[in-house]
*Asks:* 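The structure that follows is given in the form of structure tokens.
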Amino acid sequence: MKIHEFQAKELLAKAGVAVPRGIVAKTPEEAQAAYGQLGTAVAVVKSQIHAGGRGKGRFKEQPEQPGVVLVKSAEDAAANASRMLGNTLVTIQTGEEGKKVQTLLVEQGLKIAREIYAACVVDREVAGPVIIVSSEGGMDIEEVAAHHPEKILTEAFDPVYGLEGYQARKLAFALGLEGNALKNAEKFFRQLSKFFLDNDCSMAEINPLVVTEEGELLALDAKVTFDDNALFRHQNVLAYRDLAEEEPSEIEAQKWGLSYVKLDGNLGCLVNGAGLAMSTMDLIKLHGGEPANFLDVGGGANVDQVTEAFRIILADKNVKGILVNIFGGIMKCDTIVTALLTAYDKIGIQVPLVVRLEGTNVELARKMLAESGKKITAGLDLTDAAKKAVASIA
Ligand code: ADP
Ligand code: MG
């Protein structure tokens with residue numbers, strides 16, 4: 001689960017991580033008042049969406065308006081706020097459709113001496129948490145990784161003890177920090193790693209982490225994502241969920257106990273089992289197709305769930321065909337075919353449908369499909385099914 005920058009900063013501040021002073025605003029009047037309350041000559045008005053790249057992003061309705069802007073008066077804050085609120089911000093991370101801005105964060109403007117980068121993530125190769133730092137903060141870290149990999153430092157840390165003092169010092173030295181900044185960096189990196197562990201984050205990214213002229217370190221930006229599987233033990237985090245930021249079809253799928261992730265392709269997939277769903281998508285790509293989604297109906301899907309799964313897949317206007325891939329282990333193949341045929345009639349599936357079945361009662365299930373009189377193509381095996389499905393919409 002993702003949260004907004006202002007929410008991440010609330011949590012970070014509670015965990016003792018230094019963040020700038022800021023006030024949330026939902027109207028231009030609130031933004032105007034916030035400027036006054038902050039009392040700094042320069043303030044920053046920041047669009048709150050679940051995506052980065054806001055500083056360089058532009059609004060669809062106001063192409064001159066960036067997503068993050070410095071303001072020097074209350075009127076300026078209000079004017080910028082009214083150009084942002086209710087409008088759609090497009091950044092490199094939102095895709096072309098952009099995201100609607102409904103909340104702003106008005107923050108004290110900081111005198112920045114240096115911008116660095118710090119993030120904690122789970123490293124799959126290390127099989128544990130790592131902290132990544134770079135002297136090149138404020139810009140796309142992907143760019144730095146591609147062109148200056150030597151400027152990125154990674155340090156694995158113990159998932160119980162967190163980042164040790166000597167590790168934090170090593171990173172701070174490597175970044176060339178001195179004096180106050182060195183001490184503060186050591187503290188910052190350790191607090192960030194503790195925050196990451198305590199909250200079961202999958203990512204806690206501070207970009208930029210600013211060093212002020214006085215050697216203070218503050219999280220100027222904060223992007224935090226949480227491991228969904230651990231959210232049950234973080235009710236305070238769960239309360240931050242913003243459904244307006246999530247894909248409506250994914251929310252709908254969750255209600256039905258379906259694991260569904262919308263993608264950009266045009267071939268829908270309905271599969272039982274997450275691993276099988278991944279390999280189905282791989283095979284679709286291998287044979288020149290583009291999956292429209294990931295969908296795992298689970299081991300014990302019933303007629304209602306399968307019907308709903310088809311409805312969700314077909315609600316995506318890009319979908320031109322569907323590949324159903326079922327391995328009947330716990331689930332019997334004939335049960336899934338009964339569900340499939342019922343769903344077919346209920347929804348009136350108009351696009352080409354390719355079905356591959358294997359496992360318990362497969363002979364009976366194939367017979368049912370063949371005798372159904374519906375326009376359903378049988379896949380002989382997974383490769384054959386993927387090829388036929390890709391060809392059906394070519
Ligand atoms: P994003 O990563 O989505 O573009 P950031 O929060 O990183 O958004 O803001 C973009 C840039 O705006 C920062 O790199 C920084 O230069 C400037 N900025 C953001 N907040 C402040 C602030 N409180 N004071 C001064 N400059 C800021
Ligand atoms: Mg940023």
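No hydrogens, no waters, no symmetry mates; every other heavy atom, side chains included, goes into these values. One-based numbering along the sequence shown.
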*Asks:* Tell me if the NZ atom of K387 is crowded by more than 12 foreign heavy atoms within 6.0 Å.
*Replies:*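 No, the 6.0 Å shell around NZ holds no more than 12 heavy atoms from other groups.
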*Asks:* For side chain to side chain contact (heavy atoms under 4.5 Å, CB included), just list the numbers for V133 and F189, CA-CA rounded to whole Å, side-chain angles, deciding distance to a tenth of an Å, and then say yes or no.
*Replies:* CA-CA 9 Å; V133 301; F189 295 153; 3.9 Å; yes
*Asks:* In terms of hydrophobic clusters joined by side-chain contacts under 4.5 Å, are L353 and L357 together?
*Replies:* yes
*Asks:* To the closest 0.5 Å, what do you measure between CD (E75) and OH (Y35)?
*Replies:*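 So the gap between those two atoms works out to 9.0 Å.
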*Asks:* Check V337, I349, L340 against I376 for a side chain to side chain contact (heavy atoms under 4.5 Å, CB included) and give me the one that passes.
*Replies:*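 Of the listed options, the one satisfying the test is L340.
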*Asks:* Before accepting this row, confirm whether a basic side-chain N of the pair E252/K255 lies closer than 4.0 Å to the acidic partner's carboxylate O.
*Replies:* yes
*Asks:* N318 and G265: which non-hydrogen atoms are nearest, and at how many Å?
*Replies:* CB-O, 3.6 Å
*Asks:* Using a 3.5 Å distance criterion without hydrogens, assess whether the side chain of R356 forms a donor-acceptor pair with backbone atoms of A385.
*Replies:* no
*Asks:* Do the side chains of V126 and T154 get nearer than 4.5 Å, heavy atoms only?
*Replies:*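 The answer is no, as the side chains (C-beta and beyond) never meet within the 4.5 Å cut-off.
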*Asks:* Would you compute the distance between atom SG of C269 and atom CD1 of I313 and round it to the nearest 0.5 angstrom?
*Replies:* 7.0 Å
*Asks:* Could you tell me whether K374 and D345 have a side-chain N and a carboxylate O separated by less than 4.0 Å?
*Replies:*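 So K374 pairs with D345 through a salt bridge.
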*Asks:* Would you compute the distance between atom CD1 of I3 and atom SG of C201 and round it to the nearest 0.5 angstrom?
*Replies:*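 SG of C201 is found 8.0 Å from CD1 of I3.
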*Asks:* Is there a side-chain contact between F294 and S259, using heavy atoms and a 4.5 Å cut-off?
*Replies:* yes
*Asks:* Please check if I326 and M281 belong to a single hydrophobic cluster, counting links between Ile, Leu, Val, Met, Phe, Trp and Tyr side chain heavy atoms closer than 4.5 Å.
*Replies:*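 I326 and M281: separate clusters.
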*Asks:* Could you measure the distance from the CG atom of D334 to the CG atom of L364? Nearest 0.5 Å is fine.
*Replies:*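 Separation between the atoms: 4.5 Å.
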*Asks:* Around atom CD of E150, are there more than 12 heavy atoms from other residues, nucleotides or ligands closer than 6.0 Å?
*Replies:* yes
*Asks:* With side-chain hydrogen bond (donor to acceptor under 3.5 Å, both in side chains) as the test, pick out the partner of K99 among Q93, H50, E245, Q48.
*Replies:* E245
*Asks:* Regarding E5 and R54, does a basic nitrogen lie under 4.0 Å from an acidic carboxylate oxygen?
*Replies:* yes
*Asks:* Where the side chain of Q305 meets the backbone of W256, is there a donor-acceptor pair that is under 3.5 Å apart?
*Replies:* yes
*Asks:* With distance as the sole test, does N207 use its side chain to make a donor-acceptor pair with the main-chain N or O of A222 at under 3.5 Å?
*Replies:*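 Looks like no, no N/O pair under 3.5 Å.
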*Asks:* Report yes if some heavy atom in the side chain of K375 is under 4.5 Å from a heavy atom in the side chain of P352; otherwise report no.
*Replies:* no
*Asks:* Are more than 12 heavy atoms from other residues, nucleotides or ligands located less than 6.0 Å from atom CD of Q254?
*Replies:* yes
*Asks:* Show your reasoning for whether side chain to side chain contact (heavy atoms under 4.5 Å, CB included) applies to F195 and C120.
*Replies:* CA-CA 9 Å; F195 171 84; C120 291; over 6 Å; no
*Asks:* Check for a donor-acceptor pair, side chain of N266 on one end and backbone N or O of V319 on the other, with a separation under 3.5 Å.
*Replies:*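 Pair absent, no side-chain N/O of N266 close to backbone of V319.
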*Asks:* Answer yes or no: is there a side-chain heavy-atom contact under 4.5 Å between F157 and E164?
*Replies:* no
*Asks:* Report the residue from V210, D221, V211, L209 that forms a side chain to side chain contact (heavy atoms under 4.5 Å, CB included) with E115.
*Replies:*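 In the set V210, D221, V211, L209, the residue that makes a side chain to side chain contact (heavy atoms under 4.5 Å, CB included) with E115 is V210.
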*Asks:* May I have the step-by-step check of side chain to side chain contact (heavy atoms under 4.5 Å, CB included) for E216 and N180, ending in yes or no?
*Replies:* CA-CA 7 Å; E216 272 189 278; N180 259 348; over 6 Å; no
*Asks:* Decide, yes or no, whether a salt bridge links E61 with R83 under the criterion of side-chain N to carboxylate O below 4.0 Å.
*Replies:* no
*Asks:* Does this structure show an ion pair linking E363 with K367, if we count only N-O contacts that are shorter than 4.0 Å?
*Replies:* no
*Asks:* For E358, is there an ion pair with R366 - N to carboxylate O distance below 4.0 angstrom?
*Replies:*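 Counted as a salt bridge, because a side-chain N and a carboxylate O are separated by less than 4.0 Å.
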*Asks:* Could you tell me whether E247 and K262 have a side-chain N and a carboxylate O separated by less than 4.0 Å?
*Replies:*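 No, no charged N to carboxylate O under 4.0 Å.
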*Asks:* Which is it for R58 and E64 under the salt bridge (Lys or Arg N to Asp or Glu O under 4.0 Å) test, yes or no, and what are the steps along the way?
*Replies:* CA-CA 7 Å; R58 290 292 181 273; E64 299 298 310; over 6 Å; no
*Asks:* Using a 4.5 Å cut-off on heavy atoms from C-beta on, say whether the side chain of I152 contacts that of I132.
*Replies:* yes
*Asks:* Has D296 got a side-chain atom pairing as donor or acceptor with G273's backbone, closer than 3.5 angstrom?
*Replies:* yes
*Asks:* Quick check: are there more than 12 heavy atoms from other residues, nucleotides or ligands sitting under 6.0 Å from NZ of K2?
*Replies:*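 Atom NZ in K2 is not crowded, with 12 or fewer foreign heavy atoms closer than 6.0 Å.
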*Asks:* Would you say that T103 contacts V24 through its side chain, given a criterion of any heavy-atom pair below 4.5 Å between the two side chains?
*Replies:* yes
*Asks:* May I ask you to say whether K72 pairs ionically with D76, meaning some side-chain N is under 4.0 Å from a carboxylate O?
*Replies:* no
*Asks:* Kindly work out whether a path of hydrophobic side-chain contacts (I/L/V/M/F/W/Y, heavy atoms less than 4.5 Å apart) joins M203 to V17.
*Replies:* no
*Asks:* Could you state the interatomic distance from CD1 (I206) to NZ (K223), rounded to the nearest 0.5 Å?
*Replies:*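 I206 CD1 to K223 NZ: 11.5 Å, rounded to 0.5 Å.
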*Asks:* To the nearest 0.5 Å, what is the distance between CD1 (I284) and OG (S279)?
*Replies:*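 One gets 10.0 Å once the value is rounded to the nearest 0.5 Å.
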*Asks:* Do L197 and L171 share a hydrophobic cluster (ILVMFWY, side-chain heavy atoms under 4.5 Å, transitive)?
*Replies:*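 Yes, same cluster.
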*Asks:* Do T280 and N325 have a side chain donor and acceptor closer than 3.5 Å?
*Replies:* yes
*Asks:* Between K111 and E213 (salt bridge meaning N to carboxylate O under 4.0 Å), is one present in this structure?
*Replies:*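 No, this pair does not count.
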*Asks:* Is there a side-chain contact between K320 and V351, using heavy atoms and a 4.5 Å cut-off?
*Replies:* no
*Asks:* Between the side chain of E186 and the main-chain N/O of K183, is any donor-acceptor distance below 3.5 Å?
*Replies:* no
*Asks:* With a 3.5 Å cut-off and no angle check, do the side chains of N80 and Q65 form a donor-acceptor pair?
*Replies:* yes
*Asks:* Any sub-3.5 Å donor-acceptor pair from T40's side-chain atoms to Q108's backbone N or O?
*Replies:* no
*Asks:* Is a donor on one side and an acceptor on the other found under 3.5 Å between the side chain of Q32 and the backbone of A74?
*Replies:* no
*Asks:* Is the shortest side-chain N to carboxylate O distance from D200 to R233 below 4.0 Å?
*Replies:*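 Answer for the salt bridge query: yes.
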*Asks:* Please examine the side chains of V237 and M1, heavy atoms only from C-beta on, and report whether any two atoms are closer than 4.5 Å.
*Replies:*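 With C-beta onward as the side chain, the pair touches.
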*Asks:* Assess the residue pair E205 and Y117 against the criterion (side-chain hydrogen bond (donor to acceptor under 3.5 Å, both in side chains)); give the C-alpha distance rounded to whole Å, side-chain angles, the decisive distance to 0.1 Å, and a yes or no.
*Replies:* CA-CA 8 Å; E205 182 188 61; Y117 175 97; 2.6 Å; yes
*Asks:* Before you tell me yes or no, could you show the steps for S249 and Y260 under side chain to side chain contact (heavy atoms under 4.5 Å, CB included), namely the whole-Å CA-CA distance, both residues' side-chain angles and the distance that decides it to 0.1 Å?
*Replies:* CA-CA 8 Å; S249 54; Y260 169 86; 3.3 Å; yes
*Asks:* Check the hydrophobic clustering (I, L, V, M, F, W, Y; side-chain heavy atoms under 4.5 Å; chains of links allowed) and say if L369 and I347 are grouped together.
*Replies:* yes
*Asks:* Where the side chain of K100 meets the backbone of L89, is there a donor-acceptor pair that is under 3.5 Å apart?
*Replies:* no
*Asks:* Of the non-hydrogen atoms in A51 and T91, which two are nearest, and what is the gap between them?
*Replies:*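 Result for this residue pair: CB-OG1, 4.3 Å.
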*Asks:* Is it true that a side-chain atom of E30 and a backbone atom of K26 form a donor plus acceptor pair closer than 3.5 Å?
*Replies:*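 Confirmed, E30 side chain pairs with K26 backbone.
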*Asks:* Near D264 CG, under 6.0 Å, is it more than 12 heavy atoms from other residues, nucleotides or ligands?
*Replies:* no
